[in-house]
Amino acid sequence: MNSLKEFWNSYKGAILGVLIAVLIILTNLYKLIVAVILIFLGAFVGNYIQQNKQEVKDRLKNFIDRF
């Protein structure tokens, strides 16, 4: 019993992480999480482009010129 208690104390974070990951996969909640992350990423990129319009144009032009 002591060995089981030591195992739990050593690896309880990993065990709980695996259980939460399995629960997310089984409920297809990962699709919602990915969608929310993509929405925030799109908002961040759009805001960055709006705030740094000239710099983005210059970088894009330099990137295209290399090809």
Side-chain angles (χ1 to χ4, degrees):
M1 188 68 184
N2 195 19
S3 174
L4 185 60
K5 196 174 215 180
E6 289 177 15
F7 179 79
W8 173 255
N9 286 334
S10 296
Y11 298 107
K12 65 183 167 190
I15 293 170
L16 291 175
V18 167
L19 291 176
I20 291 172
V22 168
L23 183 65
I24 287 173
I25 290 171
L26 290 177
T27 60
N28 287 329
L29 193 59
Y30 66 93
K31 293 178 184 178
L32 175 66
I33 294 170
V34 169
V36 169
I37 290 172
L38 286 174
I39 289 170
F40 280 115
L41 186 65
F44 176 76
V45 169
N47 186 43
Y48 178 80
I49 290 172
Q50 183 180 3
Q51 299 296 326
N52 302 304
K53 199 177 292 185
Q54 189 60 41
E55 184 180 334
V56 171
K57 282 182 182 178
D58 292 340
R59 284 186 183 180
L60 189 59
K61 184 178 183 278
N62 289 338
F63 180 73
I64 292 172
D65 288 342
R66 277 192 267 167
F67 286 113

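If you're wondering where the values come from, they're calculated on a predicted model, not measured in any experiment. Residues: numbered from 1 along the sequence shown.
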Review point. Linking I/L/V/M/F/W/Y whenever any side-chain heavy atoms sit under 4.5 Å apart, do L32 and I37 land together?
Key: yes
Point to revise | Whether F7 and Y11 hold their rings parallel, tilted or perpendicular, with breakpoints at 30° and 60° | key: tilted
Check your understanding: When hydrophobic residues are tied together by side-chain contacts of less than 4.5 Å, even through go-betweens, does V36 share a cluster with I33?
Key -> yes
Check your understanding: Which heavy atom of I24 sits nearest a heavy atom of Y30, and at what distance?
Key -> CG2-N, 3.6 Å
Check your understanding: In the single-linkage hydrophobic clustering (I, L, V, M, F, W, Y; side-chain heavy atoms under 4.5 Å), do L19 and W8 co-cluster?
Key -> yes
Practice item. Decide whether L29 and I39 are clustered together by the hydrophobic rule: side chain heavy atoms of Ile, Leu, Val, Met, Phe, Trp, Tyr closer than 4.5 Å, transitively. Key: no
Review point. What distance do I20 atom CD1 and I15 atom CD1 have between them, rounded to the nearest 0.5 Å?
Key: 12.0 Å
Practice item. Among I64, D58, D65, find the residue that satisfies the side-chain contact (heavy atoms from CB on, under 4.5 Å) test when tested with K61. Key: D65
Review point. So if you build clusters from Ile, Leu, Val, Met, Phe, Trp, Tyr with side-chain heavy-atom gaps below 4.5 Å, do Y48 and L41 land together?
Key: no
Check your understanding: How far does CG of N9 sit from CG of L4, to the nearest 0.5 angstrom?
Key -> 9.5 Å
